[in-house]
There are 2 protein chains.
Amino acid sequence: MVQLSSPYKSISFGDDCLLFKQMSKCELDRLSKSARLRVLTKQQYLFTQHAPSDRLYNIVSGVGIMEKVSENGRRQIFTFVYPGDLIGLSNTEKYSYGVKSLSNLTVYEFKRQNLLALAEELPTLGANLREIRSDVTTHTFEHVYLLGQLKAYERVCFMLIQLLNRLPGAKPDKIDLPMTRTDIADYLGLTVETVSRTFSQLKRDGLISITSNNTISILNLESIEDLASTA
Amino acid sequence: MVQLSSPYKSISFGDDCLLFKQMSKCELDRLSKSARLRVLTKQQYLFTQHAPSDRLYNIVSGVGIMEKVSENGRRQIFTFVYPGDLIGLSNTEKYSYGVKSLSNLTVYEFKRQNLLALAEELPTLGANLREIRSDVTTHTFEHVYLLGQLKAYERVCFMLIQLLNRLPGAKPDKIDLPMTRTDIADYLGLTVETVSRTFSQLKRDGLISITSNNTISILNLESIEDLASTA
DNA sequence: CGGTCTGTTGAAAACGATCAATACGTGTGG
DNA sequence: CCACACGTATTGATCGTTTTCAACAGACCG
(Lines give C-alpha, C1' and ligand atoms only; values in the text may rest on other atoms or scores of the structure.)
Protein backbone atom coordinates (compact mmCIF):
# COMPACT_ATOMS: atom_id res chain seq x y z
CA MET A 1 0.00 0.00 0.00
CA VAL A 2 1.18 3.46 -0.86
CA GLN A 3 0.00 6.64 0.77
CA LEU A 4 -1.20 9.19 -1.74
CA SER A 5 -1.49 12.76 -0.61
CA SER A 6 -3.97 15.06 -2.31
CA PRO A 7 -4.78 18.70 -1.72
CA TYR A 8 -7.85 17.58 0.16
CA LYS A 9 -7.32 14.35 1.95
CA SER A 10 -5.05 11.36 2.21
CA ILE A 11 -6.04 8.02 0.75
CA SER A 12 -4.29 4.72 0.32
CA PHE A 13 -4.23 2.66 -2.85
CA GLY A 14 -3.22 -0.89 -3.42
CA ASP A 15 -1.83 -2.34 -6.59
CA ASP A 16 -5.34 -3.46 -7.42
CA CYS A 17 -6.05 0.02 -8.74
CA LEU A 18 -5.11 -0.19 -12.40
CA LEU A 19 -4.38 3.49 -12.72
CA PHE A 20 -1.73 3.45 -10.01
CA LYS A 21 -0.34 0.02 -10.66
CA GLN A 22 3.41 -0.39 -10.47
CA MET A 23 4.05 3.30 -10.04
CA SER A 24 6.88 4.56 -7.90
CA LYS A 25 6.32 6.71 -4.84
CA CYS A 26 7.72 9.65 -6.74
CA GLU A 27 5.40 9.15 -9.70
CA LEU A 28 2.43 8.73 -7.41
CA ASP A 29 3.33 11.97 -5.75
CA ARG A 30 3.26 13.85 -9.04
CA LEU A 31 -0.03 12.22 -9.92
CA SER A 32 -1.61 13.19 -6.64
CA LYS A 33 -0.65 16.81 -7.11
CA SER A 34 -3.04 17.12 -10.04
CA ALA A 35 -5.82 15.16 -8.35
CA ARG A 36 -8.68 16.44 -6.31
CA LEU A 37 -10.84 14.29 -4.10
CA ARG A 38 -14.59 14.43 -4.50
CA VAL A 39 -17.08 12.79 -2.20
CA LEU A 40 -20.68 12.11 -3.18
CA THR A 41 -23.61 10.71 -1.27
CA LYS A 42 -26.25 8.42 -2.76
CA GLN A 43 -27.97 9.34 -6.00
CA GLN A 44 -25.86 12.34 -6.86
CA TYR A 45 -24.48 13.09 -10.28
CA LEU A 46 -20.74 13.16 -10.64
CA PHE A 47 -21.54 14.87 -13.91
CA THR A 48 -24.57 14.89 -16.16
CA GLN A 49 -25.02 14.03 -19.79
CA HIS A 50 -23.99 16.86 -22.15
CA ALA A 51 -21.82 18.52 -19.51
CA PRO A 52 -18.51 19.75 -20.95
CA SER A 53 -16.14 16.84 -20.70
CA ASP A 54 -12.77 18.06 -19.54
CA ARG A 55 -12.43 15.96 -16.42
CA LEU A 56 -11.40 12.43 -15.77
CA TYR A 57 -12.36 10.46 -12.70
CA ASN A 58 -10.84 7.55 -10.89
CA ILE A 59 -13.22 5.74 -8.57
CA VAL A 60 -11.79 5.29 -5.10
CA SER A 61 -14.73 3.71 -3.31
CA GLY A 62 -18.42 3.13 -3.83
CA VAL A 63 -20.52 2.18 -6.83
CA GLY A 64 -22.13 4.25 -9.56
CA ILE A 65 -23.78 3.97 -12.93
CA MET A 66 -22.91 5.38 -16.32
CA GLU A 67 -26.16 6.02 -18.11
CA LYS A 68 -27.69 7.62 -21.15
CA VAL A 69 -31.22 8.93 -21.10
CA SER A 70 -32.77 9.84 -24.43
CA GLU A 71 -35.24 12.62 -25.10
CA ASN A 72 -38.11 10.18 -25.19
CA GLY A 73 -37.22 8.90 -21.75
CA ARG A 74 -35.57 5.59 -22.56
CA ARG A 75 -32.58 4.87 -20.39
CA GLN A 76 -29.61 2.63 -21.07
CA ILE A 77 -27.00 1.95 -18.43
CA PHE A 78 -23.66 1.56 -20.17
CA THR A 79 -21.87 0.20 -17.17
CA PHE A 80 -21.74 0.09 -13.42
CA VAL A 81 -18.63 1.78 -12.13
CA TYR A 82 -16.59 0.28 -9.35
CA PRO A 83 -13.47 1.21 -7.39
CA GLY A 84 -10.46 1.43 -9.66
CA ASP A 85 -12.50 2.32 -12.73
CA LEU A 86 -11.55 5.30 -14.80
CA ILE A 87 -14.24 7.52 -16.29
CA GLY A 88 -14.03 10.16 -18.98
CA LEU A 89 -11.18 8.95 -21.15
CA SER A 90 -13.02 9.73 -24.37
CA ASN A 91 -11.93 13.08 -25.58
CA THR A 92 -15.25 14.39 -26.78
CA GLU A 93 -16.46 17.91 -26.16
CA LYS A 94 -19.36 16.81 -24.02
CA TYR A 95 -20.10 13.65 -22.10
CA SER A 96 -22.52 11.44 -23.99
CA TYR A 97 -23.57 9.92 -20.67
CA GLY A 98 -24.05 10.89 -17.07
CA VAL A 99 -22.48 9.25 -14.04
CA LYS A 100 -24.49 8.92 -10.85
CA SER A 101 -23.61 7.44 -7.47
CA LEU A 102 -25.58 4.49 -6.14
CA SER A 103 -23.86 4.51 -2.77
CA ASN A 104 -21.50 6.95 -1.16
CA LEU A 105 -18.91 7.52 -3.82
CA THR A 106 -15.38 8.81 -3.54
CA VAL A 107 -13.42 9.72 -6.64
CA TYR A 108 -10.23 11.38 -7.68
CA GLU A 109 -10.88 14.11 -10.17
CA PHE A 110 -8.26 15.11 -12.73
CA LYS A 111 -8.29 17.66 -15.47
CA ARG A 112 -8.08 15.42 -18.49
CA GLN A 113 -5.39 17.45 -20.18
CA ASN A 114 -3.28 17.30 -17.05
CA LEU A 115 -3.51 13.56 -16.73
CA LEU A 116 -2.86 12.96 -20.40
CA ALA A 117 0.12 15.28 -20.33
CA LEU A 118 1.43 13.47 -17.29
CA ALA A 119 0.96 10.18 -19.10
CA GLU A 120 3.39 11.41 -21.74
CA GLU A 121 6.01 11.90 -19.08
CA LEU A 122 5.41 8.86 -16.92
CA PRO A 123 5.58 5.71 -19.04
CA THR A 124 4.00 3.56 -16.37
CA LEU A 125 0.98 5.83 -16.24
CA GLY A 126 0.69 5.78 -20.01
CA ALA A 127 0.82 2.00 -20.03
CA ASN A 128 -1.78 1.80 -17.29
CA LEU A 129 -4.08 4.09 -19.25
CA ARG A 130 -3.77 1.91 -22.32
CA GLU A 131 -4.46 -1.13 -20.19
CA ILE A 132 -7.60 0.44 -18.77
CA ARG A 133 -8.86 1.52 -22.20
CA SER A 134 -8.33 -1.96 -23.43
CA ASP A 135 -10.30 -3.42 -20.53
CA VAL A 136 -13.15 -1.00 -21.13
CA THR A 137 -13.30 -1.99 -24.78
CA THR A 138 -13.34 -5.68 -23.92
CA HIS A 139 -16.05 -5.12 -21.35
CA THR A 140 -18.18 -3.07 -23.73
CA PHE A 141 -17.93 -5.71 -26.44
CA GLU A 142 -19.15 -8.30 -23.95
CA HIS A 143 -22.07 -6.01 -23.24
CA VAL A 144 -22.85 -5.72 -26.94
CA TYR A 145 -22.83 -9.49 -27.26
CA LEU A 146 -25.09 -9.79 -24.24
CA LEU A 147 -27.63 -7.30 -25.61
CA GLY A 148 -27.53 -8.63 -29.13
CA GLN A 149 -27.55 -12.36 -28.51
CA LEU A 150 -28.55 -13.44 -25.02
CA LYS A 151 -32.01 -14.32 -23.73
CA ALA A 152 -33.36 -12.57 -20.65
CA TYR A 153 -32.38 -15.32 -18.23
CA GLU A 154 -28.92 -15.56 -19.74
CA ARG A 155 -28.45 -11.83 -19.33
CA VAL A 156 -29.42 -11.97 -15.69
CA CYS A 157 -27.02 -14.85 -15.02
CA PHE A 158 -24.27 -13.03 -16.86
CA MET A 159 -24.82 -10.03 -14.67
CA LEU A 160 -24.61 -12.14 -11.51
CA ILE A 161 -21.25 -13.51 -12.60
CA GLN A 162 -20.09 -10.04 -13.49
CA LEU A 163 -21.08 -8.77 -10.05
CA LEU A 164 -19.11 -11.61 -8.53
CA ASN A 165 -16.05 -10.52 -10.46
CA ARG A 166 -16.33 -6.80 -10.07
CA LEU A 167 -18.41 -5.79 -7.07
CA PRO A 168 -16.14 -5.39 -4.06
CA GLY A 169 -17.05 -7.83 -1.33
CA ALA A 170 -19.29 -9.97 -3.49
CA LYS A 171 -19.05 -13.71 -2.86
CA PRO A 172 -21.26 -16.46 -4.28
CA ASP A 173 -23.05 -16.84 -0.97
CA LYS A 174 -23.65 -13.15 -0.48
CA ILE A 175 -24.00 -10.50 -3.14
CA ASP A 176 -25.21 -7.18 -1.82
CA LEU A 177 -26.77 -5.34 -4.70
CA PRO A 178 -26.19 -1.61 -4.66
CA MET A 179 -28.57 -1.15 -7.58
CA THR A 180 -32.34 -1.43 -7.96
CA ARG A 181 -34.17 -3.84 -10.24
CA THR A 182 -34.80 -0.94 -12.58
CA ASP A 183 -31.07 -0.30 -12.82
CA ILE A 184 -30.48 -3.95 -13.61
CA ALA A 185 -33.22 -3.84 -16.23
CA ASP A 186 -31.81 -0.75 -17.89
CA TYR A 187 -28.38 -2.31 -17.96
CA LEU A 188 -29.62 -5.55 -19.48
CA GLY A 189 -32.04 -4.00 -21.96
CA LEU A 190 -35.06 -5.55 -20.23
CA THR A 191 -37.98 -4.33 -18.13
CA VAL A 192 -38.16 -4.43 -14.34
CA GLU A 193 -40.86 -7.05 -14.50
CA THR A 194 -38.80 -9.36 -16.64
CA VAL A 195 -35.82 -9.03 -14.30
CA SER A 196 -38.02 -9.73 -11.30
CA ARG A 197 -39.64 -12.72 -12.93
CA THR A 198 -36.26 -14.08 -13.95
CA PHE A 199 -34.98 -13.85 -10.39
CA SER A 200 -38.11 -15.63 -9.20
CA GLN A 201 -37.59 -18.37 -11.75
CA LEU A 202 -33.94 -18.84 -10.79
CA LYS A 203 -35.11 -19.04 -7.18
CA ARG A 204 -37.74 -21.66 -8.03
CA ASP A 205 -35.07 -23.63 -9.91
CA GLY A 206 -32.89 -23.57 -6.80
CA LEU A 207 -30.04 -21.70 -8.48
CA ILE A 208 -30.16 -18.64 -6.26
CA SER A 209 -31.83 -17.45 -3.08
CA ILE A 210 -32.88 -13.95 -2.23
CA THR A 211 -32.78 -13.20 1.46
CA SER A 212 -33.44 -9.50 1.50
CA ASN A 213 -34.40 -7.55 -1.60
CA ASN A 214 -30.82 -6.52 -2.12
CA THR A 215 -29.06 -9.67 -1.06
CA ILE A 216 -28.65 -12.60 -3.38
CA SER A 217 -26.84 -15.86 -2.86
CA ILE A 218 -25.83 -18.14 -5.66
CA LEU A 219 -26.65 -21.71 -4.69
CA ASN A 220 -25.48 -23.37 -7.88
CA LEU A 221 -22.60 -21.41 -9.29
CA GLU A 222 -21.81 -23.85 -12.04
CA SER A 223 -25.30 -23.71 -13.53
CA ILE A 224 -25.35 -19.93 -13.38
CA GLU A 225 -21.99 -19.83 -15.12
CA ASP A 226 -23.25 -22.16 -17.82
CA LEU A 227 -26.27 -20.02 -18.47
CA ALA A 228 -24.11 -16.91 -18.51
CA SER A 229 -21.51 -18.29 -20.87
CA THR A 230 -20.63 -16.18 -23.87
CA ALA A 231 -17.69 -18.28 -24.98
CA MET B 1 -2.79 14.24 -50.58
CA VAL B 2 0.46 12.78 -49.42
CA GLN B 3 2.30 9.90 -51.02
CA LEU B 4 3.11 7.17 -48.55
CA SER B 5 5.75 4.67 -49.52
CA SER B 6 5.66 1.23 -48.00
CA PRO B 7 7.96 -1.72 -48.48
CA TYR B 8 5.35 -3.20 -50.74
CA LYS B 9 3.45 -0.61 -52.62
CA SER B 10 2.71 3.06 -52.76
CA ILE B 11 -0.62 4.44 -51.62
CA SER B 12 -1.98 7.89 -51.16
CA PHE B 13 -3.85 9.10 -48.10
CA GLY B 14 -5.91 12.21 -47.59
CA ASP B 15 -6.49 14.01 -44.35
CA ASP B 16 -9.71 12.04 -44.04
CA CYS B 17 -7.72 9.16 -42.65
CA LEU B 18 -7.69 9.77 -38.93
CA LEU B 19 -4.50 7.88 -38.32
CA PHE B 20 -2.46 10.03 -40.68
CA LYS B 21 -4.19 13.32 -40.07
CA GLN B 22 -2.01 16.38 -39.83
CA MET B 23 1.20 14.43 -39.99
CA SER B 24 4.24 15.81 -41.71
CA LYS B 25 5.85 14.13 -44.69
CA CYS B 26 8.73 13.14 -42.48
CA GLU B 27 6.49 11.59 -39.86
CA LEU B 28 4.52 9.75 -42.50
CA ASP B 29 7.70 8.38 -43.85
CA ARG B 30 8.69 6.89 -40.51
CA LEU B 31 5.21 5.46 -40.13
CA SER B 32 5.27 3.84 -43.52
CA LYS B 33 8.55 2.11 -42.71
CA SER B 34 6.85 -0.04 -40.09
CA ALA B 35 3.78 -0.68 -42.20
CA ARG B 36 3.12 -3.58 -44.49
CA LEU B 37 0.35 -3.66 -47.05
CA ARG B 38 -2.04 -6.57 -47.09
CA VAL B 39 -4.63 -7.21 -49.75
CA LEU B 40 -7.60 -9.50 -49.24
CA THR B 41 -10.36 -10.64 -51.55
CA LYS B 42 -13.97 -11.20 -50.51
CA GLN B 43 -14.79 -13.26 -47.44
CA GLN B 44 -11.26 -13.72 -46.20
CA TYR B 45 -10.21 -13.38 -42.62
CA LEU B 46 -7.73 -10.64 -41.80
CA PHE B 47 -7.37 -12.55 -38.56
CA THR B 48 -9.61 -14.94 -36.68
CA GLN B 49 -10.98 -14.92 -33.18
CA HIS B 50 -8.47 -16.13 -30.57
CA ALA B 51 -5.50 -15.49 -32.84
CA PRO B 52 -2.60 -13.91 -30.96
CA SER B 53 -3.19 -10.20 -31.09
CA ASP B 54 0.07 -8.44 -31.77
CA ARG B 55 -0.92 -6.62 -34.94
CA LEU B 56 -2.79 -3.48 -35.65
CA TYR B 57 -4.53 -2.73 -38.92
CA ASN B 58 -5.50 0.44 -40.68
CA ILE B 59 -8.11 0.00 -43.38
CA VAL B 60 -7.11 1.54 -46.66
CA SER B 61 -10.00 0.51 -48.86
CA GLY B 62 -12.91 -1.88 -48.80
CA VAL B 63 -15.35 -2.99 -46.14
CA GLY B 64 -15.20 -5.71 -43.51
CA ILE B 65 -16.86 -6.95 -40.38
CA MET B 66 -15.64 -7.40 -36.85
CA GLU B 67 -17.50 -10.37 -35.42
CA LYS B 68 -17.67 -12.72 -32.49
CA VAL B 69 -19.01 -16.23 -32.91
CA SER B 70 -19.74 -18.16 -29.76
CA GLU B 71 -19.40 -21.89 -29.24
CA ASN B 72 -23.11 -22.41 -29.61
CA GLY B 73 -23.04 -20.68 -32.98
CA ARG B 74 -24.54 -17.32 -32.14
CA ARG B 75 -22.85 -14.51 -33.98
CA GLN B 76 -22.66 -10.84 -33.08
CA ILE B 77 -21.14 -8.31 -35.42
CA PHE B 78 -19.45 -5.65 -33.33
CA THR B 79 -18.95 -3.25 -36.15
CA PHE B 80 -18.50 -2.88 -39.86
CA VAL B 81 -15.06 -1.61 -40.69
CA TYR B 82 -14.50 1.06 -43.29
CA PRO B 83 -11.51 2.86 -44.82
CA GLY B 84 -9.66 4.85 -42.19
CA ASP B 85 -10.71 2.58 -39.34
CA LEU B 86 -8.10 1.19 -37.02
CA ILE B 87 -8.37 -2.36 -35.74
CA GLY B 88 -6.60 -4.10 -32.91
CA LEU B 89 -5.88 -1.29 -30.47
CA SER B 90 -6.91 -3.35 -27.47
CA ASN B 91 -3.84 -4.84 -25.96
CA THR B 92 -5.18 -8.23 -25.08
CA GLU B 93 -3.26 -11.44 -25.64
CA LYS B 94 -5.72 -12.74 -28.18
CA TYR B 95 -8.32 -11.11 -30.34
CA SER B 96 -11.79 -11.55 -28.86
CA TYR B 97 -13.21 -11.14 -32.36
CA GLY B 98 -12.38 -11.95 -35.93
CA VAL B 99 -12.21 -9.53 -38.85
CA LYS B 100 -13.39 -10.64 -42.26
CA SER B 101 -13.52 -8.82 -45.59
CA LEU B 102 -16.85 -8.27 -47.32
CA SER B 103 -15.31 -6.81 -50.44
CA ASN B 104 -11.75 -6.60 -51.62
CA LEU B 105 -9.96 -5.17 -48.64
CA THR B 106 -6.65 -3.37 -48.42
CA VAL B 107 -5.04 -2.69 -45.09
CA TYR B 108 -1.85 -1.46 -43.57
CA GLU B 109 -0.52 -3.89 -41.03
CA PHE B 110 1.65 -2.75 -38.13
CA LYS B 111 3.21 -4.61 -35.29
CA ARG B 112 1.29 -3.13 -32.40
CA GLN B 113 4.36 -2.55 -30.30
CA ASN B 114 6.01 -0.70 -33.15
CA LEU B 115 3.12 1.61 -33.72
CA LEU B 116 2.64 2.30 -30.02
CA ALA B 117 6.34 3.00 -29.63
CA LEU B 118 6.21 5.34 -32.58
CA ALA B 119 3.23 7.08 -31.03
CA GLU B 120 5.42 7.91 -28.03
CA GLU B 121 7.83 9.69 -30.32
CA LEU B 122 5.43 11.37 -32.71
CA PRO B 123 2.93 13.47 -30.75
CA THR B 124 0.59 13.87 -33.70
CA LEU B 125 0.34 10.13 -34.08
CA GLY B 126 -0.34 9.73 -30.37
CA ALA B 127 -3.08 12.33 -30.53
CA ASN B 128 -4.60 10.66 -33.58
CA LEU B 129 -4.63 7.33 -31.79
CA ARG B 130 -6.42 8.84 -28.81
CA GLU B 131 -8.89 10.46 -31.16
CA ILE B 132 -9.61 7.15 -32.87
CA ARG B 133 -10.02 5.32 -29.57
CA SER B 134 -12.43 7.96 -28.47
CA ASP B 135 -14.47 7.61 -31.66
CA VAL B 136 -14.60 3.86 -31.26
CA THR B 137 -15.88 4.19 -27.72
CA THR B 138 -18.56 6.66 -28.77
CA HIS B 139 -19.60 4.41 -31.60
CA THR B 140 -19.74 1.33 -29.39
CA PHE B 141 -21.88 3.12 -26.80
CA GLU B 142 -24.31 4.05 -29.56
CA HIS B 143 -24.44 0.41 -30.50
CA VAL B 144 -25.18 -0.57 -26.90
CA TYR B 145 -28.01 1.94 -26.78
CA LEU B 146 -29.36 0.61 -30.06
CA LEU B 147 -29.33 -3.00 -28.89
CA GLY B 148 -30.69 -2.25 -25.45
CA GLN B 149 -33.41 0.25 -26.27
CA LEU B 150 -34.47 0.37 -29.91
CA LYS B 151 -37.23 -1.56 -31.66
CA ALA B 152 -36.43 -3.55 -34.79
CA TYR B 153 -37.54 -0.85 -37.21
CA GLU B 154 -35.64 1.82 -35.31
CA ARG B 155 -32.50 -0.29 -35.45
CA VAL B 156 -32.81 -0.73 -39.20
CA CYS B 157 -33.31 3.00 -39.73
CA PHE B 158 -30.37 3.75 -37.48
CA MET B 159 -28.22 1.48 -39.55
CA LEU B 160 -29.29 3.18 -42.78
CA ILE B 161 -28.25 6.56 -41.38
CA GLN B 162 -24.99 5.07 -40.17
CA LEU B 163 -24.29 3.68 -43.63
CA LEU B 164 -24.95 7.10 -45.05
CA ASN B 165 -22.35 8.58 -42.72
CA ARG B 166 -19.71 5.92 -42.93
CA LEU B 167 -19.95 3.85 -46.08
CA PRO B 168 -17.81 5.43 -48.80
CA GLY B 169 -19.91 6.52 -51.74
CA ALA B 170 -23.25 6.15 -49.98
CA LYS B 171 -25.80 8.84 -50.78
CA PRO B 172 -29.48 8.94 -49.80
CA ASP B 173 -30.56 8.03 -53.30
CA LYS B 174 -28.12 5.15 -53.65
CA ILE B 175 -26.68 3.01 -50.91
CA ASP B 176 -24.83 -0.03 -52.18
CA LEU B 177 -24.84 -2.57 -49.41
CA PRO B 178 -21.65 -4.61 -49.17
CA MET B 179 -23.21 -6.85 -46.53
CA THR B 180 -25.92 -9.50 -46.62
CA ARG B 181 -29.21 -9.40 -44.70
CA THR B 182 -27.74 -11.90 -42.28
CA ASP B 183 -24.83 -9.55 -41.58
CA ILE B 184 -27.27 -6.73 -40.93
CA ALA B 185 -29.30 -8.97 -38.64
CA ASP B 186 -26.25 -10.06 -36.67
CA TYR B 187 -25.17 -6.46 -36.28
CA LEU B 188 -28.58 -5.31 -35.09
CA GLY B 189 -29.31 -8.26 -32.83
CA LEU B 190 -32.24 -9.43 -34.96
CA THR B 191 -33.01 -12.32 -37.30
CA VAL B 192 -32.73 -12.21 -41.08
CA GLU B 193 -36.48 -12.51 -41.37
CA THR B 194 -37.11 -9.51 -39.16
CA VAL B 195 -34.65 -7.40 -41.13
CA SER B 196 -36.25 -8.45 -44.39
CA ARG B 197 -39.75 -7.75 -43.12
CA THR B 198 -38.66 -4.36 -41.80
CA PHE B 199 -37.22 -3.39 -45.18
CA SER B 200 -40.46 -4.50 -46.82
CA GLN B 201 -42.48 -2.41 -44.38
CA LEU B 202 -40.32 0.68 -44.94
CA LYS B 203 -40.82 0.12 -48.66
CA ARG B 204 -44.59 -0.15 -48.27
CA ASP B 205 -44.55 3.07 -46.22
CA GLY B 206 -42.70 4.80 -49.03
CA LEU B 207 -39.64 5.61 -46.93
CA ILE B 208 -37.17 3.60 -48.98
CA SER B 209 -37.00 1.74 -52.25
CA ILE B 210 -34.97 -1.32 -53.04
CA THR B 211 -33.90 -1.58 -56.65
CA SER B 212 -31.56 -4.52 -56.55
CA ASN B 213 -31.08 -6.69 -53.49
CA ASN B 214 -28.04 -4.71 -52.51
CA THR B 215 -29.11 -1.25 -53.51
CA ILE B 216 -31.32 0.88 -51.33
CA SER B 217 -32.51 4.44 -51.82
CA ILE B 218 -33.88 6.55 -49.03
CA LEU B 219 -36.97 8.35 -50.28
CA ASN B 220 -37.82 10.17 -47.08
CA LEU B 221 -34.64 10.95 -45.24
CA GLU B 222 -36.28 13.02 -42.54
CA SER B 223 -38.62 10.24 -41.46
CA ILE B 224 -35.82 7.70 -41.42
CA GLU B 225 -33.74 10.06 -39.30
CA ASP B 226 -36.63 10.54 -36.89
CA LEU B 227 -37.08 6.82 -36.48
CA ALA B 228 -33.34 6.36 -36.02
CA SER B 229 -32.97 9.10 -33.45
CA THR B 230 -31.17 8.19 -30.26
CA ALA B 231 -30.93 11.74 -28.89
C1' DC C 1 -31.13 -26.96 -66.69
C1' DG C 2 -30.52 -27.93 -62.03
C1' DG C 3 -28.25 -26.53 -57.73
C1' DT C 4 -26.98 -23.37 -54.30
C1' DC C 5 -27.09 -19.18 -51.99
C1' DT C 6 -29.72 -15.22 -50.60
C1' DG C 7 -33.86 -12.91 -49.76
C1' DT C 8 -38.87 -12.70 -49.01
C1' DT C 9 -43.25 -14.03 -47.17
C1' DG C 10 -46.63 -16.64 -44.26
C1' DA C 11 -48.33 -18.96 -40.09
C1' DA C 12 -47.61 -20.23 -35.50
C1' DA C 13 -45.17 -20.00 -31.26
C1' DA C 14 -42.49 -17.88 -27.79
C1' DC C 15 -40.62 -14.33 -25.43
C1' DG C 16 -40.66 -10.12 -23.33
C1' DA C 17 -43.40 -5.76 -22.75
C1' DT C 18 -47.27 -3.54 -20.97
C1' DC C 19 -50.99 -2.74 -17.89
C1' DA C 20 -52.80 -3.48 -13.44
C1' DA C 21 -53.07 -5.15 -8.86
C1' DT C 22 -50.84 -6.39 -4.79
C1' DA C 23 -47.06 -7.03 -1.43
C1' DC C 24 -43.16 -5.55 0.99
C1' DG C 25 -39.99 -2.28 3.55
C1' DT C 26 -38.59 1.77 5.36
C1' DG C 27 -39.14 6.01 7.25
C1' DT C 28 -42.32 9.69 9.04
C1' DG C 29 -45.52 11.75 11.89
C1' DG C 30 -49.31 11.05 14.93
C1' DC D 1 -45.48 2.15 19.08
C1' DC D 2 -48.55 2.07 15.41
C1' DA D 3 -50.60 3.95 11.12
C1' DC D 4 -49.73 5.54 6.94
C1' DA D 5 -47.38 6.82 2.83
C1' DC D 6 -44.05 6.28 -0.54
C1' DG D 7 -40.82 3.88 -3.13
C1' DT D 8 -39.57 -0.62 -4.69
C1' DA D 9 -40.42 -5.42 -5.85
C1' DT D 10 -43.41 -9.18 -7.15
C1' DT D 11 -47.03 -11.44 -9.55
C1' DG D 12 -50.87 -12.06 -12.87
C1' DA D 13 -53.25 -11.37 -17.29
C1' DT D 14 -52.98 -9.77 -21.71
C1' DC D 15 -50.91 -7.85 -25.71
C1' DG D 16 -47.48 -7.16 -29.25
C1' DT D 17 -43.15 -7.89 -31.33
C1' DT D 18 -39.80 -10.80 -32.74
C1' DT D 19 -38.45 -15.50 -33.40
C1' DT D 20 -39.02 -19.85 -35.30
C1' DC D 21 -40.29 -23.02 -38.73
C1' DA D 22 -41.47 -23.65 -43.36
C1' DA D 23 -42.28 -22.70 -48.08
C1' DC D 24 -41.11 -20.25 -52.01
C1' DA D 25 -38.87 -16.81 -55.28
C1' DG D 26 -34.96 -14.83 -57.57
C1' DA D 27 -30.13 -14.46 -58.83
C1' DC D 28 -26.01 -16.49 -60.04
C1' DC D 29 -23.06 -20.26 -61.58
C1' DG D 30 -21.61 -24.42 -63.11
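- At a threshold of 4.0 angstrom between heavy atoms, the contacts of A:S200 are confined to the sugar-phosphate backbone, with no base atom among them.
- Considering only side-chain atoms of B:K151, the nucleotide from D:dT20, D:dT17, D:dA9 that sits closest is D:dT17.
- Of all nucleotides listed (D:dT19, C:dG7, C:dG16), D:dT19 comes nearest to the side chain of B:T191.
- Among the heavy atoms of the strands lying under 4.0 Å from A:S196 is at least one base atom, whether or not backbone atoms are also near.
- Nucleotides of DNA chain C nearest to B:T194 and A:G189 differ in position, and the one nearer the 5' end is that of B:T194.
- Picking from C:dA17, C:dT8, D:dT19 the nucleotide with the shortest atom distance to the side chain of B:I210 gives C:dT8.
- Because its NZ or CZ atom is both nearer than 6.0 Å to the ring centre of B:Y145 and within 45° of the ring axis, A:K68 counts as a cation-pi partner of that residue.
- A salt bridge between A:R133 and A:D135 is absent, with no side-chain N of the basic residue lying under 4.0 Å from a carboxylate O of the acidic one.
- Using a 4.0 Å heavy-atom distance criterion, A:T180 is classed as a sugar-phosphate-only contact.
- The base of D:dT20 lies close enough to the side chain of B:R197 for a donor and an acceptor atom to sit less than 3.5 Å apart.
- Heavy atoms from other residues, nucleotides or ligands lying under 6.0 Å from NZ of A:K203 number more than 12.
- A side chain to side chain donor-acceptor pair (under 3.5 Å) check over residues 80-91 of chain A, counting only residues at least two apart or in different chains, returns the pairs A:D85-A:R166.
- For A:R181, whose side chain is taken as the heavy atoms from C-beta onward, the closest listed nucleotide among D:dT10, D:dT19, C:dG7 is D:dT10.
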